[in-house]
Amino acid sequence: MMPALEGFNSFGDILLFMVACVLSNNFIFSRYLGICPFLGVSSKVETAVGMGMAVTFVMGLASLFTWMVYYWLLVPLNLAYLDTISFILVIASLVQFVEMFLKKSVPSLYKALGIYLPLITTNCAVLGVTVLNVSGSYDVLKSVFNGVFGALGFLLAIVLMAGVRERLETSDVPKPLRGFAISFIIAGLMSVAFLGFVGLVK
Amino acid sequence: MDVTAILYALLVLGALGLVFGIVLGIADKKFFVPADERVERIRACLPGANCGACGFAGCDAYADAVASGKVLPNCCPVGGSAAACAIGDVIGCAVEVSEPVRARVLCQGTTTEAVQKYEYDGYKSCRAAIGIAGGPKQCKFSCVGLGDCAAACPFDAITMRDGIANIDEGLCVGCGVCVDVCPRNVIKLLPIMKNQVIVRCRNTDSGREARAVCKKVCIACGRCEKACKFDAIKVIDGCAVIDQQKCTRCNECVAVCPTKCITVGS
């Protein structure tokens, strides 16, 4: 028995959903998911873009595949409570598969995404988006949009952060605050700034 | 609690895992990209200290570069001729071996020998200290003695004693990291030789000025030059220099040097 799924009714719906994903429901700043790559790979804009692209790629695909596993396999068999563990399985295998596929077929993309692909296997934002898709009972299109645009929000956040941190390199930060301490403070301030978008959608 | 529910869950998860495993197994075969297995073998020949003396980010990066033919296999000063020959075997080319070298400190200006200019009480770094009136020692050619080289040495071969750097020859591999980091250029890479005669001073000032700053300083008196029967030691620009090719290690110069700035061995 399929539960009633929530989808898009109009084009305006889609636009609104995109804005909500990128700005007001930003994965980093309002859901606090994917903080480890956000702090770990944000010291250079170039690598931050690489990481963001890889996350976008994987989150979009993971949303699609976990949706299929959940609604075509787990729900019909009354095993919906196995969602988290089977999603982990799906995401891990998917990332492995995509990595092999890219290495063989699209070596240029493989080089660009490089080490970031395997790194996101255990990223909580990827698992987070799949669980959110299920708990929001989104239909397949909305799930994939949630994945892709949520990841673009992540891309925006990590690139902004990398830009700030690049300038931080040359600025006179008090000694006890250097490194991660000041990064956390900046992340907090950016999060407060993004709070301003909350009223934008609904 | 229904046992079949548990069995179902086990079965479904197991099947899911099995399917993914098979797909990945097939993908591994289908999308197999022949990696350059020489990289691994080259990497095995290298010391693995990741010191960066070859000019690459680490041993892995260097192995990559050698395998792709961008650089010659003899750029690792740490592994020396042994590593170079081993890599040469892997990639199938003859290797010209560079002479093994060791770092030497060309200064004997310990706290008792060298005259202090002032008491330095700042941040413990030679590069920081020489910014303040040219460093805490009078001699502007001397080892500053604050241990930038010791901190930089990836092999812990340098210790600071009595205000100058001491290099443990057993630990030194001649990577040259200390040479780059020394702000006074007081460390030099010299070929390994038994009982090597070394002028352990770089002071080019005239005799009187030189004497005023250190007891063990080359005053360019020229006595070594006269004592040498093989024309191997010359006073050039106010400091004695030994031509290691001509030197027979007879130690005549060591005996006549009035300031004992020529030494044998380390």
Side-chain angles (χ1 to χ4, degrees), chain A residues 1 43-44 46-47 58 61-62 64-111 113-115 117-118 121-122 126-127 130 134 172 175 178, chain B residues 1-40 43 48 50 52 56-70 121-125 127-129 131 146 151:
Chain A
M1 181 246 350
S43 47
K44 272 200 204 126
E46 203 177 302
T47 50
V58 170
L61 278 177
L64 177 68
F65 279 92
T66 51
W67 192 92
M68 294 197 302
V69 166
Y70 188 78
Y71 287 108
W72 293 351
L73 186 72
L74 297 184
V75 170
L77 292 170
N78 288 326
L79 290 170
Y81 61 91
L82 287 177
D83 54 356
T84 309
I85 193 164
S86 48
F87 288 176
I88 292 172
L89 207 62
V90 172
I91 293 167
S93 322
L94 184 72
V95 172
Q96 277 291 315
F97 183 83
V98 167
E99 201 193 349
M100 287 177 198
F101 175 77
L102 287 183
K103 202 172 179 181
K104 175 82 179 178
S105 312
V106 203
S108 54
L109 186 62
Y110 176 74
K111 275 222 174 96
L113 299 182
I115 49 161
L117 259 187
T121 315
T122 46
V126 181
L127 185 64
T130 59
V134 166
D172 188 21
K175 211 173 175 186
R178 272 180 210 165
Chain B
M1 186 73 205
D2 197 358
V3 182
T4 50
I6 300 172
L7 281 178
Y8 249 141
L10 274 175
L11 215 65
V12 167
L13 265 191
L16 215 55
L18 196 68
V19 169
F20 287 144
I22 291 170
V23 169
L24 281 184
I26 295 169
D28 193 33
K29 286 274 175 311
K30 201 166 156 69
F31 298 128
F32 178 71
V33 179
D36 197 343
E37 96 285 353
R38 295 179 311 171
V39 175
E40 201 104 312
R43 178 64 190 76
N50 293 317
F56 289 87
C59 293
D60 288 319
Y62 178 59
D64 247 356
V66 173
S68 59
K70 281 185 211 138
D121 195 24
Y123 179 57
K124 282 252 177 297
S125 160
R127 279 166 293 183
L146 292 167

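Please read these numbers as outputs of a predicted model, since none were measured by experiment. We name chains A, B, ... by the order of the sequence lines, and we start the count at 1 in each one.
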Engineer: Within this structure, what is the CD1-OG distance for the pair A:I91 and A:S86, rounded to the nearest 0.5 Å?
Structural biologist: 9.5 Å
Engineer: Quick one: pull up CG in B:L7 and CG in B:D2 and give me the separation to the nearest 0.5 Å.
Structural biologist: 9.0 Å
Engineer: Parallel, tilted or perpendicular, judged at 30° and 60°: which one describes the rings of A:W67 and A:Y71?
Structural biologist: tilted
Engineer: Side chain, backbone, both or neither: which part of A:L74 has a heavy atom under 4.5 Å from chain B?
Structural biologist: side chain
Engineer: Side chain from CB out, backbone as N, CA, C, O: work out which of these in A:V69 comes under 4.5 Å of a heavy atom of chain B, or both, or neither.
Structural biologist: side chain
Engineer: So what's closer than 4.5 Å to chain B heavy atoms on A:L79: side chain, backbone, both or neither?
Structural biologist: side chain
Engineer: Rounded to the nearest 0.5 Å, what separation is found between the CG atom of A:L89 and the OG1 atom of A:T66?
Structural biologist: 12.5 Å
